[in-house]
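This structure is in structure tokens; I'll ask about it shortly.
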Amino acid sequence: MALILENKPIASNVFQMRVAANQQVKAGQFYMLRAWENIPTFSRPISICDQNGEEMTFVYEVKGKGTEIFSTLQAGDEIELMGPRGNGFVLKGQKCVLVGGGVGIAPLLLLAKRLREQGAQITAYLGFRSEEYLKEDFARYCHRIITDVGGKITDVIETESFDCAYICGPEVMMQAAWDKLKHSAEQVVVSVERRMACGVGVCLGCNIKTRQGNKKVCSDGPIFAAEDVFYE
Amino acid sequence: MALILENKPIASNVFQMRVAANQQVKAGQFYMLRAWENIPTFSRPISICDQNGEEMTFVYEVKGKGTEIFSTLQAGDEIELMGPRGNGFVLKGQKCVLVGGGVGIAPLLLLAKRLREQGAQITAYLGFRSEEYLKEDFARYCHRIITDVGGKITDVIETESFDCAYICGPEVMMQAAWDKLKHSAEQVVVSVERRMACGVGVCLGCNIKTRQGNKKVCSDGPIFAAEDVFYE
Amino acid sequence: MNRLGVDFLGFSLKNPIAAASGTFGFGKEYAEFYDINQLGAVCLKGLTLHKKAGNDGVRIWECTGGMLNSIGLENPGVKAFIEEYEETQARIQTVKIVNLGGDSLEEYVEGARLLNQIDIDILELNISCPNVKSGGMLFGVSEDSAYQVTRAVKDITRFPLMVKLSPNVADIAVIAAACEEAGADGLSLINTVQGMAIDIQNRRAVFDNVYAGLSGAAIKPIALRMVHQAAKAVNIPIMGIGGIYSGRDVLEFLMVGASCVQIGTAGFIRPTKLMEILAELKAYCEENDLFLKEIINII
Amino acid sequence: MNRLGVDFLGFSLKNPIAAASGTFGFGKEYAEFYDINQLGAVCLKGLTLHKKAGNDGVRIWECTGGMLNSIGLENPGVKAFIEEYEETQARIQTVKIVNLGGDSLEEYVEGARLLNQIDIDILELNISCPNVKSGGMLFGVSEDSAYQVTRAVKDITRFPLMVKLSPNVADIAVIAAACEEAGADGLSLINTVQGMAIDIQNRRAVFDNVYAGLSGAAIKPIALRMVHQAAKAVNIPIMGIGGIYSGRDVLEFLMVGASCVQIGTAGFIRPTKLMEILAELKAYCEENDLFLKEIINII
Ligand SMILES: Cc1cc2nc3c(=O)[nH]c(=O)nc-3n(C[C@H](O)[C@H](O)[C@H](O)COP(=O)(O)OP(=O)(O)OC[C@H]3O[C@@H](n4cnc5c(N)ncnc54)[C@H](O)[C@@H]3O)c2cc1C
Ligand SMILES: Cc1cc2nc3c(=O)[nH]c(=O)nc-3n(C[C@H](O)[C@H](O)[C@H](O)COP(=O)(O)OP(=O)(O)OC[C@H]3O[C@@H](n4cnc5c(N)ncnc54)[C@H](O)[C@@H]3O)c2cc1C
Ligand SMILES: Cc1cc2nc3c(=O)[nH]c(=O)nc-3n(C[C@H](O)[C@H](O)[C@H](O)COP(=O)(O)O)c2cc1C
Ligand SMILES: Cc1cc2nc3c(=O)[nH]c(=O)nc-3n(C[C@H](O)[C@H](O)[C@H](O)COP(=O)(O)O)c2cc1C
Ligand code: FES
Ligand code: FES
């Protein structure tokens with residue numbers, strides 16, 4: 001159980017939750033979050049958006065029952081965190097591009113921070129449905145930020161060569177970004193979402209078919225090489 | 001939906017909830033209370049304990065999931081009230097005796113008040129499991145109050161003649177009180193508990209077998225003549 | 001322009017929502033809470049030829065996402081129902097479905113025969129009743145007895161006949177097909193799933209009858225599957241039942257093949273719950289420019 | 001003085017709690033969260049003779065009080081399992097139950113024969129698999145095929161044989177009795193209840209396979225009923241499964257006739273959930289001066 005330090009809306013239907021937790025985490029990893037006992041059945045996977053010493057931040061969009069409950073929590077309440085889970089991003093390259101769609105930008109923030117710590121030069125494409133959020137936070141680490149509100153962020157991606165491209169967002173958007181970047185970026189990785197029951201690799205519910213066969217998003221992922229995911 | 005004005009413990013596991021509501025009610029009637037949407041399935045029947053102009057008071061013991069949820073509500077929250085339901089007590093007689101066991105004393109408070117308004121002289125036997133509560137409230141209306149903590153209140157009932165006896169508590173306790181009072185009180189009525197689904201008389205889930213055949217506790221009761229209930 | 005209208009057994013229902021049998025009485029109680037004629041139809045409390053006192057002991061029990069009931073078909077009997085039918089009829093202007101159970105073929109037939117005296121709209125045959133003649137197995141779990149009881153009642157009734165199926169079977173499609181073959185005009189499913197609850201304290205079954213019927217959200221996935229299976233197996237219309245709590249749930253049942261639905265347990269959330277579901281459904285249809293008829297059986 | 005100990009198929013289980021097949025992998029993952037040898041037993045992920053890639057599309061879906069799954073028995077196949085068994089065996093010191101499925105009698109038999117090479121404790125036969133030879137009906141829904149597959153595997157296996165029953169039947173007692181007659185040493189039940197979920201937005205079934213298996217609290221009343229029916233029909237011991245979320249739930253299953261239980265879905269609440277249930281059960285036994293053996297089958 002982790003203490004909630006703050007839980008506030010930062011855009012319509014998007015919340016930022018700061019909790020007290022000082023585990024070692026990698027950018028791209030996630031936690032299974034829970035704030036109820038039996039119902040809903042599953043915990044909800046949410047990426048680590050930021051980490052500062054004793055604090056960790058999640059940014060989540062309210063979609064259904066679980067995130068709705070999260071949104072009602074207040075500073076001083078506790079939330080159950082199971083994790084960190086997943087492989088996380090491998091920090092690679094000096095010239096990187098991040099492409100995030102919607103709340104998929106969340107894990108890219110911690111990634112930007114870590115890449116920056118390694119001296120990388122970062123371009124960020126951030127697509128929003130109706131309003132911008134976290135942009136100033138990205139501004140702290142990124143060399144260049146291109147945002148789009150209401151359109152398709154992938155439409156504005158410029159063909160430029162990068163060492164590594166990191167993509168997170170809806171599957172169609174990731175596919176489009178991959179199509180745009182596969183020839184200009186040396187490596188392209190995506191962060192994939194699947195429904196999860198156990199979150200630890202026993203239930204095989206979060207299966208993704210990759211070029212290398214079946215993989216579990218919760219433990220083999222959520223980060224995969226784009227070419228292994230979009231291979232068909 | 002009714003606004004909760006106060007919801008505080010008045011004994012271990014026993015709460016008093018004041019809500020804003022100014023419906024016409026009879027002593028012995030109850031409401032189906034609910035503070036959730038789908039789960040738990042059923043609303044919980046709780047008797048009206050007191051009423052003052054724009055306010056109504058419930059006193060409830062925390063037993064399971066539903067009352068547990070009630071206990072977490074705070075002033076300013078809302079609670080759903082469906083009612084008043086049930087027949088309520090018929091106010092009869094000048095010399096009355098009330099016998100309450102545990103939280104079964106709750107509906108007897110409003111009854112005492114109403115009987116007192118009619119000028120009745122009231123003796124109250126109140127049995128508690130581990131500590132007394134509401135005693136001062138009863139003291140306002142009752143001529144004489146006998147309490148028992150941890151024992152059987154029915155053991156101390158004195159054989160005295162009454163116009164009417166009103167009994168509410170666990171079924172065995174009501175049976176014992178009826179045995180004690182059937183010859184000394186002209187009329188004996190009991191308030192019966194049954195699990196309820198609809199609370200309005202359609203599901204037949206709250207059935208009680210009486211001398212007059214099947215009755216629905218939610219709509220034919222919860223108040224019955226003791227002789228009709230304990231007839232076998 | 002009514003987006004919610006559906007056709008069922010020759011009736012144009014103004015919407016696909018009906019109250020389920022046994023959860024609505026004979027309409028009197030809820031009529032005090034809302035205009036029950038806003039419902040597409042109502043299924044009245046299950047009747048049997050002879051008056052039944054119902055079961056002793058605990059009759060309802062809450063469980064996760066639903067409830068168990070063992071009411072035991074308490075009802076006044078067909079004759080008493082008929083005697084008071086004028087009053088019932090006056091109260092209910094929407095489509096009236098009368099639910100009939102029985103412990104033997106003769107009881108079903110006699111009940112249906114008597115009902116011919118009054119003007120009801122649809123006869124719903126509850127075949128989830130123990131068949132006393134064949135050792136207490138439910139009529140609804142054997143293809144043969146489902147066929148026989150449907151056939152016998154179809155032969156005598158003057159009303160459209162809808163058979164209400166039990167889910168406690170290995171293959172609902174087989175039973176559904178047998179009822180269709182026997183002349184059923186429509187099907188309704190599912191009735192409650194047989195379940196059990198334990199009183200740990202007293203180390204006994206909660207219900208005097210040991211087993212009881214599970215209903216509510218918990219059974220929705222089972223009900224959807226069975227409606228889907230039945231819809232694929234027959235060409236008669238289906239009324240979907242089981243764990244419907246929302247407008248979206250109604251849509252799900254229509255998509256898998258139901259023309260309309262019954263709602264039981266959800267009605268216990270609060271008296272006006274069915275009206276809320278109706279409002280939700282209406283809002284959904286408007287937002288999505290949807291006519292319900294379009295989505296029936298599209299999955 | 002271990003109040004929690006129970007006997008099952010010749011083993012003295014230190015407590016009646018086992019992880020259910022398919023919800024525990026091969027023990028590796030949860031071993032990082034707690035000492036899995038505190039469990040009375042573990043049922044490993046279901047195997048089939050040949051490796052299976054499992055189903056495409058959505059594989060799990062949340063529903064009220066439970067979940068639906070359509071994993072499709074993804075597994076490495078019996079041979080690969082055997083090759084890595086040394087590692088598995090080293091990890092698990094408690095009673096090891098290996099779960100075996102198959103699409104034909106031959107597959108079951110060959111799988112069981114191969115497993116004779118290694119030292120497992122109990123073989124659990126999952127007969128909720130489609131019988132490809134008889135048109136895809138599950139082995140577990142017909143008395144005959146349940147008998148045949150049990151008999152054939154019993155003839156070849158050198159381990160105590162426990163048959164895992166499907167709940168999608170009209171009369172579980174009949175299937176239970178058929179398995180006993182065929183030589184089963186024990187039974188486990190229930191497997192998941194067949195259900196369905198709808199994706200309203202896209203107007204399609206959520207699962208590529210259309211139907212999926214319902215598990216969790218929602219099915220507990222059904223599971224209790226079936227364990228009770230099976231326990232009354234046979235003289236072999238039973239492992240109860242279905243919607244167990246608490247120590248009290250475990251007691252309920254023992255009271256209706258199970259000697260021990262498996263827990264699946266509840267384990268997804270959090271990795272240590274089974275340990276919490278165990279602790280609750282222990283506390284209950286101590287408070288009530290209860291030895292679990294005393295309450296088995298008392299209802
Ligand atoms: C590795 C990973 C990291 C994620 N990180 C974030 C994040 O940082 N911020 C954020 O807002 N969202 C994130 N998501 C998506 C988030 O998990 C879902 O939006 C959320 O679970 C929806 O739950 P709900 O209760 O609101 O919706 P419901 O519709 O009530 O959910 C029903 C079930 O479906 C699952 N589900 C629904 N949508 C998704 C989805 N897109 N991905 C996975 N499971 C889903 C739920 O977990 C739950 O089990 C992440 C998903 C994954 C897999
Ligand atoms: C007419 C009437 C008036 C009542 N008045 C009061 C009151 O003023 N104060 C008070 O503390 N209690 C009162 N009760 C009892 C109260 O309804 C139960 O204690 C309460 O429903 C328990 O709910 P739970 O969620 O705590 O328990 P759970 O065990 O979670 O309840 C499970 C189900 O059983 C039902 N149930 C459990 N115990 C009882 C019971 N004794 N009677 C009826 N249903 C029960 C619940 O309503 C629910 O449907 C009254 C009961 C009735 C019938
Ligand atoms: C309290 C109660 C009483 C019921 N009585 C009857 C009945 O008399 N006849 C019948 O056919 N079904 C009866 N049912 C079954 C319902 O009509 C319905 O099939 C079932 O509850 C599933 O729907 P639900 O999940 O919406 O409740 C009853 C159900 C409940 C909960
Ligand atoms: C994700 C998942 C995978 C399962 N895989 C198997 C399996 O491989 N073999 C099997 O016999 N049962 C399997 N089951 C069924 C469970 O073992 C168990 O019988 C069922 O889930 C009911 O128990 P529960 O309600 O405690 O989950 C699986 C269940 C789930 C939820
Ligand atoms: S969520 Fe269970 S294996 Fe990934
Ligand atoms: S609670 Fe439904 S009839 Fe009384």
Side-chain angles (χ1 to χ4, degrees), chain A residues 1-2 23 31-45 63-69 78-87 170-172 192-220 229 231-232, chain D residues 19-33 36 42 44-46 51-76 197 206 212 214-218 220 243 245-246 249 264-273 276:
Chain A
M1 296 297 258
Q23 289 180 281
Y31 280 82
M32 296 294 283
L33 267 62
R34 197 173 186 93
W36 51 84
E37 190 53 34
N38 295 343
I39 297 175
T41 308
F42 302 144
S43 302
R44 281 12 185 190
K63 290 212 179 131
K65 292 177 295 290
T67 49
E68 171 77 39
I69 296 174
E78 298 210 300
I79 188 162
E80 200 174 331
L81 301 185
M82 201 271 290
R85 306 303 310 173
N87 53 1
E171 206 127 323
V172 279
V192 176
E193 289 187 1
R194 282 294 181 280
R195 285 160 206 282
M196 294 183 181
C198 70
V200 304
V202 303
C203 76
L204 309 184
C206 63
N207 183 63
I208 181 170
K209 269 171 89 174
T210 72
R211 192 197 298 269
Q212 277 81 33
N214 280 351
K215 296 286 174 192
K216 299 180 247 187
V217 170
C218 70
S219 42
D220 300 323
V229 171
Y231 66 102
E232 274 174 333
Chain D
S21 181
T23 66
F24 190 75
F26 298 107
K28 201 165 168 172
E29 290 81 3
Y30 283 137
E32 288 175 27
F33 289 89
I36 57 173
V42 297
L44 304 181
K45 171 70 195 150
K51 177 184 162 72
K52 263 189 197 279
N55 292 335
D56 286 342
V58 172
R59 287 183 167 193
I60 51 172
W61 191 257
E62 191 177 72
C63 53
T64 306
M67 64 181 286
L68 287 156
N69 90 76
S70 175
I71 307 297
L73 277 183
E74 174 177 345
N75 80 91
V206 161
L214 180 64
S215 62
K220 194 186 78 169
Y245 278 53
S246 70
D249 289 342
T265 305
F268 302 150
I269 291 175
R270 67 183 65 84
T272 50
K273 186 72 189 183
E276 291 171 29

> Would a distance-only check, ignoring hydrogens and angles, find a side-chain to backbone donor-acceptor pair under 3.5 Å from D:R59 to A:L204?
Replying inline: yes

> With the threshold set at 4.0 Å, does a side-chain nitrogen-carboxylate oxygen contact exist between D:E29 and A:K216?
Replying inline: yes

>> Taking every non-hydrogen pair under 4.5 Å, which of A:G199, A:G201, A:S43, A:G213 racks up the most with chain D?
In response: A:G201

>> Quick check on the interface: out of A:N207, A:I208, A:I39, who has the most heavy-atom pairs with chain D under 4.5 Å?
In response: A:N207

> So what's closer than 4.5 Å to chain D heavy atoms on A:E37: side chain, backbone, both or neither?
Replying inline: both

>> Applying side-chain contact (heavy atoms from CB on, under 4.5 Å) to A:M32 and A:V200, what does each step give before you reach the verdict?
In response: CA-CA 9 Å; A:M32 296 294 283; A:V200 304; over 6 Å; no

> Considering all heavy atoms of both residues, which atom of A:N87 and which atom of A:D220 are nearest to each other, and what is their separation?
Replying inline: ND2-O, 2.8 Å

>> Is D:F33 in contact with chain A via its backbone, its side chain, both, or neither, using a 4.5 Å heavy-atom distance?
In response: side chain

>> Report which part of D:I71 has an atom under 4.5 Å of a heavy atom belonging to chain A: side chain, backbone, both, or neither.
In response: side chain

>> Between D:F24 and chain A, with a heavy-atom cut-off of 4.5 Å, which part of the residue counts as in contact: side chain, backbone, both or neither?
In response: backbone

> Checking D:A217 against chain A: side chain, backbone, both or neither under 4.5 Å from a heavy atom?
Replying inline: neither

> Checking D:D56 against chain A: side chain, backbone, both or neither under 4.5 Å from a heavy atom?
Replying inline: side chain

> So, are A:R194 and A:E171 salt-bridged, with charged N and O less than 4.0 Å apart?
Replying inline: yes

>> With a 4.0 Å cut-off on N to O distance, would you call A:E78 and A:R34 a salt bridge?
In response: no

>> Is D:K28 close to chain A through its backbone or its side chain, or both, or neither, when contacts mean heavy atoms under 4.5 Å?
In response: neither

>> With a 4.5 Å cut-off on side-chain heavy atoms, are A:P84 and A:Y31 touching?
In response: yes

